[in-house]
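What follows is one structure encoded as structure tokens, with my remarks underneath.
All chains are named by letter (A, B, ...) in the order of the sequence lines, taking the proteins before the strands, and each is independently numbered beginning at 1.
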2 protein chains.
Amino acid sequence: MRESGCPEEDLFSFLLSKRQEDLGYRNILSSMCTPPHPVAARAHALFLETNLGDPGLFPGTVALEELLVRRLGTLMHHPGAGGYATSGGTESNIQAFRIAKKVKPVKFPNVVVPASGHFSFQKACDILGLEMRVAPLDAEYRMDAEAAAGLVDENTVCIVGIVGTTEYGVIDPIAALSEIALDRDVFLHIDAAFGGMVVPFLENPAPFDFSLPGVASISVDPHKMGMSTIPAGCLLARDPNHFSCLNVETPYLTVKQECTLAGTRPGASVAAAVAVLEYLGMDGMRAVVSGCMENCRRLIEGMETLGYPRAVTPDVNVATFSCENPPAGWRVSRTRGGHMRIVCMPHVTRDVIEAFLNDMSDTHA
Amino acid sequence: MRESGCPEEDLFSFLLSKRQEDLGYRNILSSMCTPPHPVAARAHALFLETNLGDPGLFPGTVALEELLVRRLGTLMHHPGAGGYATSGGTESNIQAFRIAKKVKPVKFPNVVVPASGHFSFQKACDILGLEMRVAPLDAEYRMDAEAAAGLVDENTVCIVGIVGTTEYGVIDPIAALSEIALDRDVFLHIDAAFGGMVVPFLENPAPFDFSLPGVASISVDPHKMGMSTIPAGCLLARDPNHFSCLNVETPYLTVKQECTLAGTRPGASVAAAVAVLEYLGMDGMRAVVSGCMENCRRLIEGMETLGYPRAVTPDVNVATFSCENPPAGWRVSRTRGGHMRIVCMPHVTRDVIEAFLNDMSDTHA
């Protein structure tokens with residue numbers, strides 16, 4: 001550390017220069033995050049000093065976390081779901097596995113995860129000492145439910161289904177997984193970190209949530225399509241009591257027990273998540289999602305016109321193509337299957353799509 | 001969720017009403033958090049939309065995280081330490097145990113933790129399948145190093161020492177633990193979540209950090225005495241390569257591997273942590289810490305004058321007393337040993353101490 005401090009203006013010139021080295025979101029087509037909604041930023045600032053890790057000190061912020069859980073539970077067709085605000089999808093997945101492992105204490109536990117699973121499942125298995133059994137995908141990158149059923153045995157503590165896969169934006173056959181889970185009495189965790197804030201706002205979506213009786217827990221991230229600030233994830237469980245198996249005693253705090261992964265936890269991003277949901281309502285979220293889906297369709301159509309076929313028709317706003325090189329100045333990503341991948345987040349507006357298509361057309365002319 | 005949205009002004013009236021249900025920090029004497037420093041709040045806002053989970057998109061924010069690690073490593077007498085910004089002490093402790101477990105892969109791993117250990121160690125052991133061996137404390141609530149050595153066996157993957165215990169604010173005999181760690185070839189993790197931002201700013205502190213050759217990793221939380229925003233923890237390791245054993249492959253991101261617990265991670269609170277360190281420098285931090293220590297001494301003196309003896313003379317700014325009831329309107333906490341506990345954070349100014357002592361005197365008159 002410096003011996004003496006730095007004047008505030010010099011410090012902020014330095015910080016601003018660093019901030020300017022970051023890419024602007026306008027040309028980022030590879031991220032499942034997006035700039036926070038203005039009401040999220042405003043709510044975040046209002047709750048900046050709150051700490052959900054010591055709930056007795058911040059009962060108003062705790063009430064917002066409870067409201068977030070209730071809103072998301074209702075959105076997932078189970079207003080009585082238990083839950084809490086996590087740091088994001090990875091923590092949610094780790095905690096779901098922890099619950100599943102405690103619900104069924106076997107000596108050599110395994111979990112069945114689709115090949116499309118986010119890398120956080122590898123982390124979770126490594127941390128928790130779980131064998132990960134990888135279920136293959138069908139031709140459209142959805143989990144093969146029959147093959148998954150074949151991987152389940154008496155040591156299987158959890159099956160994972162994904163709603164809005166990271167790479168191809170498809171939805172696993174959750175109804176079939178629900179039946180397998182009921183039939184074999186296995187905990188079914190739904191990773192809807194991305195799709196959980198998309199699918200409920202589509203027209204006539206297939207059921208993927210607590211409306212299916214086999215679904216035991218759901219991960220949904222307000223800091224992705226919920227346009228909240230980071231970190232804002234949420235883990236929901238059908239049975240609120242499931243969280244009690246994670247409790248540790250918490251002496252010297254204002255509560256006696258804690259089931260969360262972290263201790264000190266920000267209230268700001270939770271307030272931000274609530275703010276967006278309340279401000280937009282179902283109507284507003286439908287408008288955002290329908291815009292993203294429409295832009296996604298336009299992108300696919302435009303790319304195909306240029307000779308770059310889609311890898312698959314996605315269920316959510318993630319588009320993938322057989323295309324090697326993006327035009328200069330754009331940040332896209334690449335799937336493990338070798339496809340170009342673009343996430344049509346709210347900041348990827350119609351203008352951005354047209355500018356990208358224009359550059360694609362120039363580059364490859 | 002509501003069908004239609006809520007006007008922004010109605011929403012913020014509601015959010016403000018919730019925020020007002022929270023306690024103000026002025027009367028909170030029980031927390032190891034404090035309102036963020038004004039430069040922390042300003043830096044936080046500037047970096048609100050950044051995501052350290054996708055480093056290639058935010059190279060400027062990544063440079064700040066590297067600066068934070070370098071500053072804290074230097075403060076801990078090892079500028080070349082590896083590290084990253086965690087969500088706080090719990091994640092840091094979990095990750096340190098993960099590293100220790102991988103460094104020494106034994107079938108039935110155990111860790112030796114002092115009885116004063118934060119409850120996050122129980123979480124970490126539960127998650128990672130580690131046996132926790134609890135070392136007793138001496139009469140001043142410091143870990144009994146000899147007893148700890150007696151608990152170490154060939155399956156011990158980690159010893160934990162604490163710098164600034166949560167309950168009594170004391171420092172374990174880290175030099176002795178360092179010798180045991182070297183002698184028995186065991187990974188030594190120092191939980192300095194609180195004390196790491198206090199002890200280096202005291203006059204002539206006893207060595208507790210990488211200057212002791214047996215210390216392998218250190219947890220330090222800028223969101224406690226570093227006056228940053230939440231979440232801002234930091235895990236440092238003497239050997240930067242130790243983090244590579246936590247790596248998972250990260251397809252479709254701008255980097256190929258990731259060693260952190262979370263995926264998406266806020267840059268805002270990391271920028272805030274850097275801002276405070278740069279703005280205050282060593283001199284400024286010494287002034288803050290010396291004020292807190294002086295207030296702590298004044299509190300102890302005042303309480304003893306009122307007939308409430310200290311439980312122990314603390315090494316950092318945590319005061320504990322034989323006293324049953326706090327005066328109305330103040331939030332103190334209680335240790336497992338039954339003592340009243342007050343953390344003299346920066347918001348607990350001399351005025352606050354005098355007001356508290358006054359109320360104590362009135363209450364018990």
Side-chain angles (χ1 to χ4, degrees), chain A residues 1-6 11 15 18-19 21-23 28 31 33 35-36 39 41 43 46 48-51 54 57-61 63-64 71 75 87-88 90 119-120 122-123 127 129 167 229-231 248 250-252 262-264 266 275 277-284 333 335-336 341, chain B residues 1-6 8 11 15 18-19 21-23 28 31 33 35-36 41 43 46 48-51 54 57-61 63-64 71 75 87-88 90 119-120 122-123 127 129 167 229-231 248 250-252 262-264 266 275 277-284 333 335-336 341:
Chain A
M1 282 179 61
R2 297 155 180 272
E3 207 42 43
S4 48
C6 169
L11 169 63
L15 292 176
K18 288 290 139 193
R19 184 70 188 95
E21 290 174 19
D22 293 339
L23 274 67
I28 296 179
S31 180
C33 289
V39 302
L46 186 59
L48 191 64
E49 67 184 45
T50 63
N51 170 16
D54 208 351
L57 304 180
F58 302 100
T61 310
L64 293 185
R71 292 283 192 244
L75 193 65
S87 60
T90 299
F119 55 81
S120 58
Q122 282 163 264
K123 275 190 206 173
I127 291 169
E167 289 176 293
T229 50
I230 298 167
V248 297
T250 54
Y252 46 79
T264 298
L277 295 185
E278 298 300 282
Y279 178 72
L280 292 178
M282 292 296 294
D283 286 345
S333 64
T335 66
R336 284 170 285 186
R341 167 181 171 269
Chain B
M1 282 180 62
R2 295 156 180 273
E3 207 43 43
S4 47
C6 169
E8 185 166 350
L11 169 62
L15 291 176
K18 288 289 140 193
R19 183 70 187 95
E21 291 173 19
D22 292 339
L23 275 66
I28 296 178
S31 180
C33 289
L46 186 58
L48 191 64
E49 68 184 43
T50 63
N51 170 15
D54 209 350
L57 304 180
F58 301 99
T61 310
L64 293 185
R71 292 284 192 244
L75 193 65
S87 60
T90 300
F119 56 81
S120 58
Q122 283 163 265
K123 275 190 206 173
I127 292 169
E167 288 176 295
T229 50
I230 298 167
V248 297
T250 54
Y252 46 79
T264 297
L277 295 185
E278 298 298 282
Y279 179 71
L280 292 178
M282 292 296 294
D283 287 346
S333 64
T335 67
R336 284 171 285 186
R341 167 180 171 269

Without swapping roles, check the side chain of B:R336 against the backbone of A:P251 for a donor-acceptor pair under 3.5 Å.
-> no
Hits for salt bridge (Lys or Arg N to Asp or Glu O under 4.0 Å) against B:R341, two or more places apart or cross-chain, chain-then-number order -> none
A:G60 to B:D22 - nearest heavy-atom pair and separation = N-OD1, 2.8 Å
Which one, A:G263, A:G129, A:P266, leads in non-hydrogen pairs under 4.5 Å with chain B?
-> A:P266
On a heavy-atom basis, the closest approach of A:A63 and B:K18 is CB-CD, 3.9 Å
Return the minimal non-hydrogen interatomic distance between A:A262 and B:K123, and the atom names on each side.
-> O-NZ, 3.2 Å
Between A:P59, A:S120, A:S333, A:G88, which has the largest tally of heavy atom pairs under 4.5 Å with chain B?
-> A:P59
Could you check which of A:L64, A:I230, A:V39, A:T229 has the highest count of heavy-atom pairs closer than 4.5 Å to chain B?
-> A:I230
Which one, A:L277, A:L15, A:I28, leads in non-hydrogen pairs under 4.5 Å with chain B?
-> A:L15
Interface moiety of A:V248 toward chain B, non-hydrogen atoms closer than 4.5 Å | side chain
So which of B:L75, B:T264, B:L280, B:T335 has the biggest tally of heavy-atom pairs under 4.5 Å with chain A?
-> B:T264
Closest contact, heavy atoms only, B:A41 versus A:L48 | CB-CD2, 3.6 Å
When every non-hydrogen atom of B:L11 is compared with those of A:E278, the smallest separation belongs to CD1-CB, 3.7 Å
Here the gap from B:F58 atom CZ to A:R19 atom CZ, rounded to the nearest 0.5 Å, amounts to 6.5 Å
Does any heavy atom of chain B fall under 4.5 Å from the side chain of A:T61, the backbone, both, or neither of them?
-> both
Under 4.5 Å, counting heavy-atom pairs only, tell me which of A:L57, A:L23, A:L46 racks up the most with chain B.
-> A:L57
Within-4.5 Å side-chain heavy-atom neighbours: B:C33 and A:D54 | no
Please state whether the side chain, the backbone, both or neither of A:A275 comes within less than 4.5 Å of a heavy atom of chain B.
-> both
Considering all heavy atoms of both residues, which atom of B:E49 and which atom of A:P35 are nearest to each other, and what is their separation?
-> OE1-CB, 3.6 Å
Pick from B:E8, B:R71, B:R2, B:E3: which one has the most heavy-atom pairs with chain A under 4.5 Å?
-> B:E3
Look at B:N51, B:T250, B:I127 and state which one has the largest set of heavy-atom pairs under 4.5 Å with chain A.
-> B:I127
Can you find a heavy atom in the side chain of A:P231 that is under 4.5 Å from one in the side chain of B:S87?
-> no
